[in-house]
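These notes concern the structure reproduced below.
All heavy atoms count here, side chains included; hydrogens, waters and symmetry mates do not.
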Amino acid sequence: MTSWLFGLLILAMHLLGMLSAVQALMSARTSQGAIAWILSLVTVPYLALPAYWVFGRPRFYGYVSARGERDTVLRRVLDGYRERVAPYTTGAREADVRAVEKLAMMPMTRGNQAELLIDGEATFESLFAGLDAAEDYILIQFFIVRDDDLGRRLSERLCAAAERGVWVRFLYDEIGSHALPERYLKALREAGVEVSAFHSSRGFRHRFQLNFRNHRKIVVVDGHQGWVGGFNVGVEYLGWKARHGHWRDTHLKLVGPSVLGLQEAFWEDWHWATGEVVRLDWQPRESAGASQNVVIVPSGPADPQETASLLVQHAIHRARERLWITSPYFVPDHSVQDALRLAAMRGVDVRIMMPERPDHLLVFLSAFSFLPDMLRAGVKVYRYQPGFLHQKVILIDEAAACVGTVNLDNRSFRLNFEITAFVPDRGFAGEVEAMLLEDFANCREVSLEEILARPLWKKLISRGAYLFAPVQ
């Protein structure tokens, strides 16, 4: 009897392996990935099945299904929203901008003020001032929140806001914030803050989807001010940890109709996490200051397109004179690598800025496997020296810049929920240029000879690390 049950179990595992192999065939992100999963699922399903259901699923199907439900709810809750925002849309004539709008599934709006926030002190001073001034509601989500000095300062402000009658919703990623203790969350709840994890593994069907993470950093105050960019909440982001040293990062404060794009992304995530339909202010208001055009581009594993990767490729193809990219994790897929090389070959000043000090070792090592081809094509690579570089910024010619949460790696392109502000404004691009010129002055340029001179064992390790790029 025992052997009969064992045989039945083995048969079931092989059947599940074949069914999963069919799914991998139809939906794997790359042909190489499809072949690897199919072979392993068919031959050794008892080992491959658990790995596939954690790391191999290409789309967040639960979120896709819930998005269909939300579309109906969204139309009802936001009845008239598109009409109200229509006077603030630009009616973009440039094909380049229309492409970004289609990727974002959001319109470009005018009447915005985009304020560049450089490093932690400026960012959290601005953010905390916004929280202290909130009158109606606060929407806040981060990938990482720590129970340290900075995290407690955030908690105090959220609790104070809730106690004075401000409606506060706090969303965090349970994987990124795995070390956040229950006492931190309990204090928020007791003060009246509504708290929820993102719940990427909510429900039995999705309980193994640990590879999908919400990497967004969004703060919205009263529907009229918003913050987005690279910062999480922890003292290392202020440069207070010796391991990282100075923490170089960039955030963005937005005032104007574009804030509703941040609000819509939060609204959708909160609805997935809690099932709650929250009532918000959807009336757009122009900034009293500068009038800049902005498109908010949410992206993630529930999108019909690979939004983040396509946005980066679009920026590369759009560049005519200059393309400067900063990313702490630089392991782009082949399509982005090819586009960068071609841009350099046609005479574009292509510069990639990365950290000198590794944060995630596998990602750091992976880059060495393809950097020689990039350097031969004319791409310039720089390593930031004073500390850890974490900003995610793209400068396109003198005309546009992007600031957001997207790293140039497979995780940001296909596995994480991300968000980017695309600002096609010459004045803003000039500010970003000045910021990056100062950063480049604190970098050293990497040479082809330096990469080629690495010993064979390091080259082998880098090539092996690159094989894991799809799940890093």
Donor-acceptor side-chain pairing of [X] and [Y] below 3.5 angstrom:
X	Y	value
Ser196	Trp270	no
Ser287	Arg285	no
Asn416	Asn214	no
Lys217	Gln141	no
Tyr237	Asn232	yes
Asp303	Thr307	yes
His215	Glu418	yes
Gln391	Tyr384	no
Asp149	Trp240	no

Please report the shortest heavy-atom distance between [X] and [Y], naming the atom on each side.
X	Y	answer
Pro284	Pro257	CB-CB, 4.0 Å
Ile394	Ala315	CG2-CB, 4.3 Å
His271	Glu276	CD2-O, 3.3 Å
Ala104	Pro298	O-CD, 4.0 Å

Should we count CD of Glu445 as having more than 12 external heavy atoms under 6.0 Å? yes
Above 12 or not: heavy atoms from other molecules or residues under 6.0 Å from CD of Glu450? yes
Could you check whether any side-chain heavy atom of [X] comes within less than 4.5 Å of a side-chain heavy atom of [Y], counting everything from C-beta outward?
X	Y	result
Thr420	Thr405	no
Val221	Trp227	yes
Leu180	Leu185	yes
Val423	Cys402	no

Short question: side chain of [X], backbone of [Y] - any donor-acceptor pair under 3.5 Å?
X	Y	answer
Glu286	Ser291	no
Arg341	Ala377	no
Lys392	His390	yes
Thr326	Val393	yes
Asp425	Gly427	yes
Arg383	Cys443	no
Gln292	Ala114	yes
Arg320	Arg318	yes
Asp397	Glu321	yes
Asp249	Asp119	no

Say you draw a straight line from [atom1] of [X] to [atom2] of [Y]; how long is it, rounded to the nearest 0.5 Å?
X	Y	atom1	atom2	value
Arg152	Asp148	CZ	CG	6.5 Å
Gln283	His224	CD	NE2	8.5 Å
Leu311	Leu103	CG	CG	6.5 Å
Glu268	Trp272	CD	CH2	11.0 Å
Glu264	Ile218	CD	CD1	11.0 Å
Tyr172	Phe143	OH	CZ	13.5 Å

Qualifying residue for side chain to side chain donor-acceptor pair (under 3.5 Å) with Tyr137, from Gln263, Arg279, Arg169: Gln263
Where do Glu356 and Arg444 land on the salt bridge (Lys or Arg N to Asp or Glu O under 4.0 Å) test, with the steps shown first? CA-CA 9 Å; Glu356 180 75 82; Arg444 69 173 184 87; 2.6 Å; yes
Where does the angle between the aromatic ring planes of Tyr184 and Phe170 fall among parallel (under 30°), tilted (30 to 60°) and perpendicular (over 60°)? tilted
Worked check of side-chain contact (heavy atoms from CB on, under 4.5 Å) between Leu340 and Asp338: CA-CA 5 Å; Leu340 287 169; Asp338 291 344; over 6 Å; no
Looking at [X] and [Y], does any basic side-chain N land under 4.0 Å from a carboxylate oxygen?
X	Y	answer
Asp173	Arg216	no
Glu182	Arg189	yes
Arg426	Glu433	no
Glu306	Arg414	yes
Arg183	Asp147	yes

CA sep, side-chain torsions, deciding dist, call: Arg243, Glu236, salt bridge (Lys or Arg N to Asp or Glu O under 4.0 Å): CA-CA 9 Å; Arg243 175 193 169 194; Glu236 66 267 35; over 6 Å; no
What do the steps show when you test Arg153 against Phe128 for side-chain contact (heavy atoms from CB on, under 4.5 Å), and what is the final call? CA-CA 9 Å; Arg153 286 162 59 192; Phe128 288 164; 3.7 Å; yes
Do Phe124 and Phe231 have ring centroids that are under 6.0 Å from one another? yes
